[in-house]
Amino acid sequence: MKFDARKFKELAEKDFEKAWLSGKELLKRENPNLIYPRLGYVYGEEHPVFKTIEMLRKAYVSMGFKEVVNPIIVEDVHVKKQFGKEALAVLDRCFYLASLPKPNVGISADRVAKIKELIGKDFDEESLRSVFHLYKKGKIDGDDLSYEIARVLGVDDLVAIRILDEVFPEFRDLKPESSRLTLRSHMTTGWFITLSELADKLPLPIKLFSVDRCFRKEQGEDATRLYSYFSASCVVVNEDVTVDDGKAVAEALLKQFGFEKFKFRLDEKRSKYYVPSTQTEVYAFHPKLVGSKTKYSDGWVEIATFGVYSPTALAEYDIDYPVMNLGLGVERLAMILFGYEDIRKLVYPQFYGEVRVSDLEIARAIKVKEVPTTEVGYEIAKKIVEVAVKNADAKSPCSFLAFKGKLFGKEVEVFVEETEEDSNLCGPAFANEIVVYNGSVYGVPRTEEFKKIFEEGVECGIRYIDAFAFLAAKKIEEMTFKGEKSSSVRVRNVEGLSSINLQIQDNVRRYIVWKGGKIDVRGPMFVKVRAKSE
RNA sequence: GCUGGGGUUGCCGAGUGGUAAGGCGACAGCCUGCUAAGCUGUUGGGCUUUGCCCGCGUGGGUUCAAAUCCCACCCCCAGCGCCA
């Protein structure tokens with residue numbers, strides 16, 4: 001609550017102790033839905049893949065590498081130049097880009113008649129013909145076609161779309177036609193193109209890196225492969241680079257991610273764009289992997305590959321210095337760093353059942369449905385709880401005055417009572433607490449039996465009686481406001497959140513059901529609140 | 001790319017030619033006294049609402065009638081192959 005600083009200053013001068021104590025009043029927040037954990041300051045979250053990319057970029061920069069963006073879309077001739085005879089096998093893994101052709105559209109007498117029928121008037125055939133002609137020439141974009149047709153015919157856009165659909169079926173039946181353009185399947189494809197521009201201009205050594213997307217037409221996506229992945233790749237160009245530069249770069253890069261020891265193994269399946277006997281696999285030891293359930297439980301993982309580009313491939317691009325290239329799969333590294341075993345779950349958690357709502361988030365979604373609107377209303381709710389807790393075990397029939405005072409200018413009395421014979425004021429579950437544990441919502445008493453739930457779960461800080469008292473107070477406010485003389489609210493067996501004046505967001509409820517959790521808020525409560533006003 | 005299994009309502013899940021079973025969840029009513037679900041009913045969407053139309057991955061087709069049969073396609077799962 002905003003406060004008057006001047007008044008406080010005066011009060012503090014007069015009586016500091018009193019002023020200090022009254023500070024407590026200012027911090028009072030009574031609406032239960034504005035109390036933690038219902039109150040929460042939420043924060044966003046990075047995707048682990050992009051988090052890893054961020055780390056890799058910083059790591060490369062710290063090693064003196066300069067970032068570049070390599071071409072993503074490349075003509076297939078580049079692959080042929082780089083791989084020579086091997087190219088066919090590589091292109092087999094590449095996506096070729098296709099696009100829809102622009103059809104030749106003839107406007108026959110039939111079609112003219114059909115259009116006239118659809119628009120209900122004459123039109124200038126020549127202008128329509130010219131629109132299609134300009135479209136074919138690429139002067140009018142596909143986006144604008146229906147707009148242009150609508151314009152020359154003097155009709156609505158929607159009519160134009162209908163004409164396209166009904167009179168010119170060739171648009172509907174267009175089939176994509178492939179081009180010679182491919183999506184790069186690894187970063188090397190782009191490095192050659194970039195280096196052909198830079199290798200003869202920049203001062204040596206040239207150290208460049210790029211962490212970016214590559215594409216592979218795999219036969220299917222599985223736990224280890226996706227159609228699209230990120231490659232973290234770098235090149236070092238110098239008069240005398242060798243595989244030892246690869247080893248040094250690998251070590252310097254990977255040490256920044258917690259890898260401790262390294263082994264280098266010559267890769268048998270040599271790519272034609274590397275100098276023979278330079279393609280090397282990097283095996284690295286990460287203490288986090290030791291004892292893990294992965295196949296890397298000894299801590300060693302093959303994490304990167306490097307090699308020295310072959311002069312035969314470099315010559316195709318007029319590059320006349322040796323080039324060391326090192327690359328690693330970002331998702332692979334992210335799987336190690338974040339403990340994933342299935343790349344799909346790492347990259348697309350939303351499609352692989354990896355959506356998670358924490359217990360805290362569930363607790364946050366449980367709110368008190370009805371709350372009082374006045375300060376006196378909150379006071380009444382507080383007193384109801386106090387009296388109920390204090391006299392819960394009183395033998396019935398019994399009645400306890402909880403509140404007596406003015407509400408909306410009228411004298412109001414509130415009782416917590418039990419009129420039935422031979423029972424207690426409150427049922428045994430009246431003070432059960434709402435706790436979220438392991439994706440389920442429970443209403444349980446604070447006893448030894450449920451200790452684990454309280455300790456490991458998230459407490460909502462609401463007892464049955466608390467939530468109920470807010471409802472009772474709200475009803476008493478309504479009664480008084482409307483000028484009614486009496487009212488009573490009671491709850492018997494609790495059978496769900498709504499019977500004790502609580503509600504949960506529908507989305508969260510569906511999440512709980514989907515995950516197989518339950519909302520188990522039940523128990524014999526048997527509390528009655530009666531009020532009368534003058 | 002091959003083989004096999006799948007895609008059904010908020011969720012799970014049955015349904016091999018006759019108009020979407022059952023369960024969960026939700027809603028309503030009933031019942032209530034020591035707590036881990038008692039009973040009954042309702043529960044896809046739309047509309048011009050005594051009725052009509054649309055709903056079982058998508059688009060076609062066969063049929064008096066299609067979730068079901070046929071054709072094509074998309075996607076998911078398991079395995080095999082491929083993986084510079």
Side-chain angles (χ1 to χ4, degrees), chain A residues 79-80 82-94 172-173 175 182 184-189 214-227 229 231 267-274 279 281 305 307 310 313 325 327 329 332 342 344-345 348 351-353 355 392-393 395-397 418-433 435 437-438 440-447 449-450 453 464 490-500 503-528:
Chain A
V79 179
K80 290 172 182 163
Q82 293 160 21
F83 285 91
K85 293 199 168 73
E86 205 183 9
L88 218 63
V90 174
L91 286 169
D92 185 52
R93 305 250 90 77
C94 287
R172 211 175 22 195
D173 299 334
K175 295 272 186 299
T182 69
R184 65 177 177 218
S185 62
H186 60 171
M187 197 58 82
T188 287
T189 314
C214 298
F215 305 85
R216 285 188 187 181
K217 178 79 191 88
E218 304 288 355
Q219 300 294 359
E221 299 192 326
D222 61 25
T224 58
R225 265 189 301 269
L226 295 176
Y227 288 140
Y229 70 101
S231 168
D267 195 342
E268 280 94 44
K269 44 177 202 294
R270 293 158 299 179
S271 301
K272 291 291 179 290
Y273 59 86
Y274 282 132
Q279 183 167 358
E281 289 173 339
T305 301
S310 162
N325 162 244
R332 184 113 189 243
D342 188 324
R344 295 168 296 186
K345 291 181 178 180
Y348 302 115
F351 301 133
Y352 290 90
V355 179
D393 296 328
K395 292 291 164 214
S396 67
E418 179 52 75
T419 45
E420 279 174 34
E421 299 276 334
D422 217 21
S423 181
N424 298 336
L425 179 67
C426 301
F430 88 105
N432 278 17
E433 298 184 36
V435 185
Y437 170 63
N438 242 339
S440 288
V441 181
Y442 298 95
V444 287
R446 205 174 268 273
T447 59
E449 189 185 352
F450 301 109
I453 291 181
Y464 290 7
R490 69 182 311 179
V491 56
R492 297 199 263 200
N493 262 322
V494 174
E495 287 176 338
L497 288 170
S498 62
S499 46
I500 46 166
Q503 60 187 349
I504 186 166
Q505 256 182 47
D506 275 351
N507 284 11
V508 176
R509 185 193 296 283
R510 279 194 291 271
Y511 171 83
I512 293 170
V513 170
W514 172 62
K515 277 286 182 185
K518 55 184 175 176
I519 299 176
D520 193 2
V521 175
R522 285 179 299 156
M525 180 156 166
F526 295 93
V527 174
K528 181 181 176 191

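In the text below, chain A, chain B and the rest are named by the order of the sequence lines, each starting its count at 1. What's counted below: heavy atoms across the whole structure, side chains too, no hydrogens, waters or symmetry copies.
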Practice prompt. Establish, with yes or no, whether the OP1 or OP2 oxygen of B/A26 is under 4.0 angstrom from a side-chain nitrogen or oxygen of A/R509.
Written response: yes
Item to complete: Fit a plane to each ring of A/H186 and A/Y273, take the angle between them on a 0 to 90° scale, and name the class: parallel (under 30°), tilted (30 to 60°) or perpendicular (over 60°).
Response: perpendicular
Worksheet item: Are A/N325 and A/Y274 linked by a side-chain donor-acceptor pair shorter than 3.5 Å?
Response: yes
Worksheet item: Base, sugar-phosphate alone, or nothing: which one does A/Q279 contact when heavy atoms must sit under 4.0 Å apart?
Response: nothing
Discussion item. If I pick the C1' atom on B/G7 and the same atom on B/U58, what distance separates them, to the nearest angstrom?
Written reply: 11 Å
Worksheet entry | Salt bridge present between A/E433 and A/R446 (N-O < 4.0 angstrom) | yes
Item to complete: For B/U62 versus B/G17, give the span between their C1' atoms, rounded off to a whole number of Å.
Response: 12 Å
Item to complete: Could you check whether A/F450 gets within reach of a base, just the sugar-phosphate, or nothing at all, counting any heavy atom under 4.0 Å?
Response: base
Practice prompt. Classify the nucleic acid contact of A/L497 as base, sugar-phosphate or nothing, counting any heavy atom under 4.0 Å across all strands shown.
Written response: nothing
Worksheet item: For A/R344 and B/C77, is the shortest distance between a side-chain N/O and OP1 or OP2 below 4.0 Å?
Response: yes
Practice prompt. Return the nucleotide paired to B/A14: Watson-Crick means purine N1 to pyrimidine N3 with N6-O4 or O6-N4, wobble means G-U with N1-O2 and O6-N3, both under 3.5 Å.
Written response: none
Worksheet item: For B/C39, which nucleotide is its Watson-Crick or G-U wobble mate, given both distances must be under 3.5 Å?
Response: B/G29
Worksheet entry | Listed partners of A/N424 passing side-chain hydrogen bond (donor to acceptor under 3.5 Å, both in side chains), at least two apart | A/K395
Item to complete: Give the rounded distance in Å between these two atoms: CZ of A/R510 and P of B/C27.
Response: 13 Å
Worksheet item: With a non-hydrogen cut-off below 4.0 angstrom, is A/C214 in contact with a base, only sugar-phosphate, or nothing?
Response: nothing
Practice prompt. Let me know, please, whether A/L425 or A/Y273 comes out on the 5' side of the other along RNA chain B by nearest nucleotide.
Written response: A/L425
Discussion item. For A/G496 and A/K272, find the nucleotide of RNA chain B closest to each by heavy atoms; which residue's nucleotide sits nearer the 5' end?
Written reply: A/G496
Worksheet item: Between atom CD in A/E495 and atom C1' in B/A28, what is the gap in whole Å?
Response: 13 Å
Worksheet item: When we call it a touch if two heavy atoms are under 4.0 Å apart, what does A/R492 touch: a base, just sugar-phosphate, or nothing?
Response: base
Item to complete: Scan A/S185 against the nucleic acid and name what it touches under 4.0 Å (heavy atoms): base, sugar-phosphate only, or nothing.
Response: base
Discussion item. Would you measure the distance from the C1' atom in B/G45 across to the matching atom in B/U8 and give it in whole Å?
Written reply: 16 Å
Discussion item. At 4.0 Å (heavy atoms only), tell me whether A/D506 reaches a base, stays on the sugar-phosphate, or touches nothing.
Written reply: nothing
Item to complete: Have a look at A/I512 and say if it touches a base, only the backbone sugar-phosphate, or nothing, with a 4.0 Å heavy-atom cut-off.
Response: nothing
Worksheet item: A/N507: what forms a side-chain hydrogen bond (donor to acceptor under 3.5 Å, both in side chains) with it, not counting sequence neighbours?
Response: A/R510
